[in-house]
2 protein chains.
Amino acid sequence: MTVSRTAEKSSEKPADAGKGRKDAGEVQTEALQLGELSEQLGYVLKRAQLKVFENFLRCMASLQLTPAQFSVLLLVEKNPGRNQTEIASTLGILRPNFVAMLDNLESRDLCARIRSTNDRRSHILVLTDKGKAVLARAKKLVATKHEARLNDLLGQANREALIGMLSKIANEF
Amino acid sequence: MTVSRTAEKSSEKPADAGKGRKDAGEVQTEALQLGELSEQLGYVLKRAQLKVFENFLRCMASLQLTPAQFSVLLLVEKNPGRNQTEIASTLGILRPNFVAMLDNLESRDLCARIRSTNDRRSHILVLTDKGKAVLARAKKLVATKHEARLNDLLGQANREALIGMLSKIANEF
DNA sequence: GATATTTGATATGGTCCATAACAATTATCA
DNA sequence: TGATAATTGTTATGGACCATATCAAATATC
C-alpha cells in the first residue's frame, strides 16, 4: 500500500516529506499532516512490517537470507521429512512459487529434495549440513541483532504482548 | 515472505497444512510444528498485515478502494493544495508509481490534478465532491466494520497499545 | 483396470516496487 | 541576463512476488 522496501539504496523514506523544516533561508513548505492515517491499523501495520523486513535483510546481509528463506529453513529444520506441498502450504506459499525458491536454496546447498520411497511423487525436504550451520548462524544474528532490537525499543513485556496480539490478528481476524 | 492476499478466491490458507487432523479413517499426516517461527516478529507481522489488508478489501468492496487508495484520499483531504511529489513521498510511494494510481483515482472522479499557478510544473491535488463523499463513506465502513473488529478482538486498551507499538517500530526501528 | 486425485513443475499474467531517462518548468549563480 | 543545475510529472522498463491453468508422473479410488 504505502512504502518502499529495498533497504539498500535511496528509495523513498516516508515521514516528513517537507524535508527537515527550516535549514537555511529557504521558504520550505510545511510538513504534511498525517491525520487519521496514523491511527489506521493497516497503514501502521504495513509500515512497521516494511521496517522490520528492511532491518532483517540488513542483519542477514552476510548470509544472504530473506525472511521467506529463513522461514523455510526454520520450518524444514523443525519438520524434517515433509514434502514440498506441506512446507509450502504451511507458510502460505503456493506450490508453483515454491519451486524456484527451493531451486535457490538447493543450488546454495542449504537444503535438499529427496524422492520419497513411500510416495515417489513427493520430494522430501531436509537441511544439508551446511544448511543447518547457516541456519544456526542466522538464528544467532536474528536473536542478537534483530529481535533484541525490539526489546531495546519496547521492553521485554511489551515485545511479548505485541507478538501475542499480532498472532491473534493473524489467526482470528 | 509468506502468505497470499487476494482474499477472494482459493489461494493458500496457511495454518494447519495437514488439514483438520482426523476426519474419517484417513491416515492423515500430523500437523506441522511452527516452532520458533511463531515467535519471529517478521513472520507474525507479515501474516497479521495480510489478514488486515484482506479484511480491509472485503469491507471496502462496495467502494472499490484499496488500502493505498484510501490512504491517498485521506492524505489529500487532510492536506489540500499539495502536489503529487509531496503526497507520494509522504506515503512512501515513488513518484513514477504514483502516476498510474492518480490516473485511476482521477478517472473515477475521486480526485483531480490542477496545474499550480505558482509553479507550473506542479499538479495540485484536491478531492472532488464525489471523492469527499466516497471518502466519508469509506471512513464509516472502516470504522464500523474494520477497526471495530480490533476492539472486539483485543479490547480498546490493547488496540491503542498495539497501534502505539507499531508506530514506534515504523518510526524508530 | 478405468478414472480421479495428488505432487512437483512449467508457463503465464497481474501487481507492486525501483531505476533511468525525458520534456517542461523553475532555480541558481557567474 | 543567460548558461547551467534542479525539480515536477511522466514514460519505459525490469525485478520481485503472487496467482491461475495446465501438464506428466505417480498414486488413490472405485
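Naming: A, B, ... by sequence-line order, numbering from 1 per chain. Values reported hereafter were calculated over all heavy atoms of this structure, with side chains retained and with hydrogens, waters and symmetry mates removed.
Atom pair L94(B):CG and dT13(D):P shows a separation of 19 Å (rounding to whole Å applied). In this structure, CE of M101(B) is placed 14 Å from P of dT15(C), rounded to the nearest angstrom. Atom pair R95(B):CZ and dA12(D):P shows a separation of 19 Å (rounding to whole Å applied). To the nearest angstrom, C1' of dT7(C) lies 12 Å from CG of L125(A). The distance between atom CZ of R113(A) and atom C1' of dA9(C), rounded to the nearest whole Å, is 9 Å. Distance, F53(B) CZ to dT15(C) C1': 13 Å, rounded to whole Å. In this structure, L91(B) places its CG atom 17 Å from C1' of dA18(C), rounding to the nearest Å. Atom CZ in F98(A) sits roughly 15 Å away from atom P in dA19(D) (whole-Å rounding).
Residue pairs meeting the ring pair (Phe, Tyr, Trp, His ring centres under 6.0 Å) criterion with at least one partner in residues 94-140 of chain A, sequence neighbours excluded, do not occur; the list is empty. Within the structure, ring pair (Phe, Tyr, Trp, His ring centres under 6.0 Å) contacts touching residues 150-173 of chain B (residues at least two apart or in different chains) are H146(A)-F173(B).
Taking side-chain N and O atoms only, T85(A) has no distance below 4.0 Å to OP1 or OP2 of dT6(C).
The hydrophobic clustering, which links ILVMFWY residues whose side-chain heavy atoms are closer than 4.5 Å, places L73(A) and M101(A) together.
Annotation: of the two residues near DNA chain C, N97(A) and I124(A), the 5′-most nearest-nucleotide partner is I124(A). Between P96(B) and N118(A), the one whose closest nucleotide on DNA chain D sits nearer the 5' end is P96(B).
Between S62(B) and L141(B), the closest heavy-atom pair is OG-CD1, 3.8 Å. A pairwise comparison of heavy atoms in M165(B) and M165(A) identifies CE-CE, 3.5 Å as the closest pair.
Across dA9(C), dT7(C), dT10(D), the shortest atom-to-atom separation from the side chain of H123(B) is found for dT10(D). The side chain of R121(B) approaches dT7(D) more closely than any other nucleotide in the set dT10(C), dT10(D), dT7(D).
Residue-level contact check: D119(B) touches the backbone only, with heavy atoms under 4.0 Å from sugar-phosphate atoms and none from bases.
Side-chain atoms of R120(B) and base atoms of dT25(C) include no donor and acceptor less than 3.5 Å apart.
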